[in-house]
2 protein chains.
Amino acid sequence: MLGGRNIGGRKRSSRQGASVTLAEVAELAEVSEITVSRILRNKGPVAEATRKRVMAAVEATGYVPNRLAGGLASAGSGLIGVIVPSLTNIVFPEVLRGIHAALDRSGLQPVVGVTGYDMEAEEHLVEALLAWKPQAMVIAGFDHTERTRRMLQASGVRIAEVMEIDSKPIDIAVGLSHRQAGFDTGRHLIERGYRRFGYVGHDWCADRRARLRYDGLAACLAEHGLGLVDEALFEGPSSTIAGRDMLARLLARQPDIDVVVFSNDDMATGGVFHCIAASIRLKEDVAIFGFNGLDIGQALPVPLSTIRSNRFLIGRTAIERILERHERPEGATIVDTGYEIVIGGTA
Amino acid sequence: MLGGRNIGGRKRSSRQGASVTLAEVAELAEVSEITVSRILRNKGPVAEATRKRVMAAVEATGYVPNRLAGGLASAGSGLIGVIVPSLTNIVFPEVLRGIHAALDRSGLQPVVGVTGYDMEAEEHLVEALLAWKPQAMVIAGFDHTERTRRMLQASGVRIAEVMEIDSKPIDIAVGLSHRQAGFDTGRHLIERGYRRFGYVGHDWCADRRARLRYDGLAACLAEHGLGLVDEALFEGPSSTIAGRDMLARLLARQPDIDVVVFSNDDMATGGVFHCIAASIRLKEDVAIFGFNGLDIGQALPVPLSTIRSNRFLIGRTAIERILERHERPEGATIVDTGYEIVIGGTA
DNA sequence: CTGTTAGCGCCTTCAA
DNA sequence: TTGAAGGCGCTAACAG
């Protein structure tokens with residue numbers, strides 16, 4: 001086929017992969033490089049006959065375009081930088097899912113960095129990812145070093161700061177108001193008749209959004225002339241075990257608390273487990289309230305009362321908004337993806 | 001400082017970011033481009049004075065290297081392609097964690113693709129990621145289309161197929177034998193005196209590894225002259241809710257089953273919830289056994305009996321092995337990351 | 001220790 | 001409808 005022309009004459013670098021280049025495909029198809037390039041990108045007019053010949057050559061050689069070269073020659077790299085603090089906490093993989101869903105078949109690929117809730121690490125990652133000349137950048141939260149902020153600002157590309165909307169973004173923020181969510185938690189529980197509030201939380205240094213919810217809750221209680229009876233804080237990341245242990249500790253100190261607000265569903269699930277194991281009746285003896293609306297909470301023997309944040313939606317929306325417009329607009333934008341109170345059976 | 005030299009004279013393309021280039025830094029520092037390049041990469045000998053001057057220029061300009069250009073000019077892109085079937089199932093984020101951990105400060109970045117358990121989608125992803133000329137490729141499982149396998153093979157880069165080791169890899173496999181794990185599950189439970197086995201599973205089309213475990217279990221039972229009394233299969237992805245519902249259904253049909261093996265911990269956790277809600281005594285009335293060894297299982301009111309696979313280790317090991325050697329060796333390698341039976345309290 | 005030359009593989013701009 | 005020339009930003013290989 002194709003006359004079996006020998007394309008071996010060209011001097012080939014002996015480098016990685018020794019992959020087929022546009023030039024080789026062009027030679028085999030007996031057209032110029034640019035014609036092959038045009039056909040592969042569906043750009044500009046091409047004769048059907050030429051297209052067929054070229055596609056055959058592409059097939060025959062097993063050509064895979066080099067996007068490094070493509071990105072360098074044209075403007076965009078076709079990469080999206082994504083920075084999350086953790087993959088352990090299920091909420092971030094869910095944001096990633098949303099990002100992948102929105103990116104599907106766009107020809108763009110996410111390059112993911114994980115900070116481990118460390119702002120220094122984040123700074124290095126931003127620098128590293130910016131070196132790929134990404135089309136855009138998605139980053140969790142507003143907690144950046146001054147230099148990180150400068151780099152993002154100077155990059156000129158679109159920046160989505162996701163998860164929260166309680167601060168002013170560089171470009172666009174997508175998420176929910178954690179402070180308001182905390183406030184609404186308090187109001188909801190007060191309306192349901194609870195008065196003696198406890199709180200079980202995890203490390204705030206790492207998770208500033210948990211702190212915002214706490215602040216909102218405290219503000220709400222204060223507004224109603226109430227306050228937290230007691231709180232138990234775990235010095236580490238949130239986990240089911242931590243929630244279980246901390247609730248045990250809190251109830252040992254304050255047996256007459258009637259509702260405990262947890263920093264998130266993982267912790268709250270642990271609280272539910274403690275109650276089951278210790279034969280404490282949920283809601284009657286003590287009520288439990290979480291945050292996130294994870295699937296696991298709804299599968300518990302008694303469905304967890306909580307607030308559903310929309311992680312998938314956050315990821316998807318961030319990408320959608322960013323792709324709408326390639327250049328960064330003048331003012332900042334805030335997109336509120338909202339939240340809903342999930343009634344459940346534990347509060 | 002630096003005499004405030006004007007670097008504006010150079011014609012600048014008005015393209016994306018209009019970012020600072022090596023040439024500009026070089027001009028400002030009054031050295032050649034290659035010198036700046038060397039300094040930034042710590043390659044070759046450089047006078048301390050020059051280094052200082054160059055670093056100052058880098059600072060002053062806010063230079064960010066362009067890795068597209070760097071990758072094109074040198075051999076490696078500095079990208080690692082990673083393909084997973086899902087981010088919903090927590091095991092894959094855990095593998096990603098291992099990958100990120102091993103990549104930390106290596107200067108390599110993962111580019112992640114998600115297939116949704118779809119081999120067509122996987123094929124597109126492999127093609128797309130290969131276009132970035134990745135240094136290596138990590139991909140979950142052995143289930144690829146013929147073309148996918150050809151592309152991976154032809155790429156010449158190192159390929160790690162992770163999660164399982166029950167088939168022959170293209171280059172290197174890192175994971176555990178799911179068939180053997182299933183077999184050992186059977187043996188362990190038989191040793192503990194269980195005889196009337198039930199099985200609760202999820203969609204096998206998507207999750208072939210669950211199928212392998214099932215086959216191993218069945219083989220073990222057969223070897224002991226036993227068989228599954230009954231099984232309940234959920235037509236969809238694994239989830240806690242599904243496990244809960246399916247166990248309810250199974251026990252309604254077969255009240256005298258004494259142990260139920262679940263396709264994984266998510267499903268098994270649902271099973272535990274069903275028992276708690278229905279006041280079925282775990283182990284006495286019915287025993288439950290999972291697979292994965294997730295944290296959630298160990299935080300349950302009764303810790304789940306299960307098998308711990310080592311997802312983090314799988315991800316980390318895959319990267320470590322791959323980075324050991326840049327060229328793909330002749331023969332295939334298999335790395336068994338093993339598993340342990342977690343005794344727990346449900347079986 | 002530093003610079004020169006010559007690409008990497010592709011795409012943009014112009015011309016035919 | 002196709003092609004030629006030049007360059008994207010960087011680095012390898014050799015000089016000096």
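Predicted, not measured: the structure shown is a model, and the values here were computed from it. First the proteins, then the strands, lettered A, B, ... as listed; each starts at 1.
- Under the rule for a side-chain hydrogen bond (donor to acceptor under 3.5 Å, both in side chains), the partners of A:Glu327 that lie at least two apart in sequence or sit in another chain are A:Arg325.
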Could you list the donor-acceptor pairs under 3.5 angstrom formed by side chains in residues 140-147 of chain A, with sequence neighbours left out?
{"residue": "A:Asp143", "atom": "OD1", "partner": "A:Arg208", "partner atom": "NE", "Å": "3.3"}
{"residue": "A:Asp143", "atom": "OD2", "partner": "A:Arg208", "partner atom": "NE", "Å": "3.3"}
{"residue": "A:His144", "atom": "ND1", "partner": "A:Glu122", "partner atom": "OE1", "Å": "3.0"}
{"residue": "A:His144", "atom": "ND1", "partner": "A:Glu122", "partner atom": "OE2", "Å": "3.4"}
{"residue": "A:His144", "atom": "NE2", "partner": "A:Gly141", "partner atom": "O", "Å": "3.1"}
{"residue": "A:His144", "atom": "NE2", "partner": "A:Glu161", "partner atom": "OE2", "Å": "2.9"}
{"residue": "A:Thr145", "atom": "OG1", "partner": "A:Glu123", "partner atom": "OE1", "Å": "2.7"}
{"residue": "A:Thr145", "atom": "OG1", "partner": "A:Thr148", "partner atom": "N", "Å": "3.0"}
{"residue": "A:Thr145", "atom": "OG1", "partner": "A:Thr148", "partner atom": "OG1", "Å": "2.7"}
{"residue": "A:Arg147", "atom": "NH1", "partner": "A:Glu123", "partner atom": "OE2", "Å": "2.5"}
{"residue": "A:Arg147", "atom": "NH2", "partner": "A:Glu127", "partner atom": "OE1", "Å": "3.3"}
{"residue": "A:Arg147", "atom": "NH2", "partner": "A:Glu127", "partner atom": "OE2", "Å": "3.0"}

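- Residues passing the side-chain hydrogen bond (donor to acceptor under 3.5 Å, both in side chains) test with B:Arg158 are B:Asp171, sequence neighbours excluded.
- For B:Lys133 and D:dC10, the NZ to P distance is 21 Å, given to the nearest whole Å.
- For the pair A:Leu72 CG and D:dC8 P, the computed distance is 9 Å after rounding to whole Å.
- Out of D:dC10, D:dA12, D:dG7, the shortest distance to the side chain of B:Ala69 is found at D:dC10.
- One interatomic measurement links the two molecules: CZ of B:Arg41 to C1' of D:dG9, which rounds to 12 Å at whole-angstrom precision.
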Can you tabulate the close N/O pairs, meaning under 3.5 Å, that link protein atoms to atoms of nucleotides 1-5 of chain D?
{"residue": "D:dT2", "atom": "OP1", "partner": "A:Thr50", "partner atom": "OG1", "Å": "2.4"}
{"residue": "D:dT2", "atom": "OP2", "partner": "A:Ala47", "partner atom": "N", "Å": "3.0"}
{"residue": "D:dG3", "atom": "OP2", "partner": "A:Ser32", "partner atom": "N", "Å": "3.0"}
{"residue": "D:dG3", "atom": "OP2", "partner": "A:Ser32", "partner atom": "OG", "Å": "3.0"}
{"residue": "D:dG3", "atom": "OP2", "partner": "A:Thr35", "partner atom": "OG1", "Å": "2.6"}
{"residue": "D:dG3", "atom": "N7", "partner": "A:Arg38", "partner atom": "NH1", "Å": "3.4"}
{"residue": "D:dG3", "atom": "O6", "partner": "A:Arg38", "partner atom": "NH2", "Å": "2.5"}

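- Minimum heavy-atom separation, B:Leu313 to B:Thr317: O-OG1, 2.5 Å.
- At whole-Å resolution of the value, NZ in B:Lys43 and P in D:dA13 are 9 Å apart.
- Counted within 6.0 Å of CD on A:Glu59, heavy atoms from surrounding residues, nucleotides or ligands total 12 or fewer; the atom is thus considered open.
- The distance between atom CG of B:Leu22 and atom P of D:dG7, rounded to the nearest whole Å, is 18 Å.
- The 5' end of DNA chain C is approached more closely, in terms of each residue's nearest nucleotide, by B:Glu48 than by the other of B:Glu48 and A:Val64.
- For A:Ala47, the side chain to side chain contact (heavy atoms under 4.5 Å, CB included) test picks out A:Thr50, with sequence neighbours left out.
- When the side-chain hydrogen bond (donor to acceptor under 3.5 Å, both in side chains) test is applied to A:Ser37, the partners found at least two apart in sequence or on another chain are A:Arg41.
- Comparing the local axis fitted to the first five base pairs of the helix from C:dC1-D:dG16 to C:dA16-D:dT1 with the one fitted to its last five gives a bend of 30°, rounded to 10°.
- The CG-P distance, from A:Asn66 to C:dC8, rounds to 12 Å in whole Å.
- For residues 106-117 of chain B, the set of pairs meeting the side chain to side chain donor-acceptor pair (under 3.5 Å) definition, not counting sequence neighbours, is empty.
- A salt bridge (charged side-chain N to carboxylate O under 4.0 Å, His left out) check over residues 94-108 of chain B, counting only residues at least two apart or in different chains, returns the pairs B:Glu94-B:Arg311.
- Between the CD atom of B:Glu27 and the C1' atom of D:dG9 there is a distance of 15 Å, rounded to whole Å.
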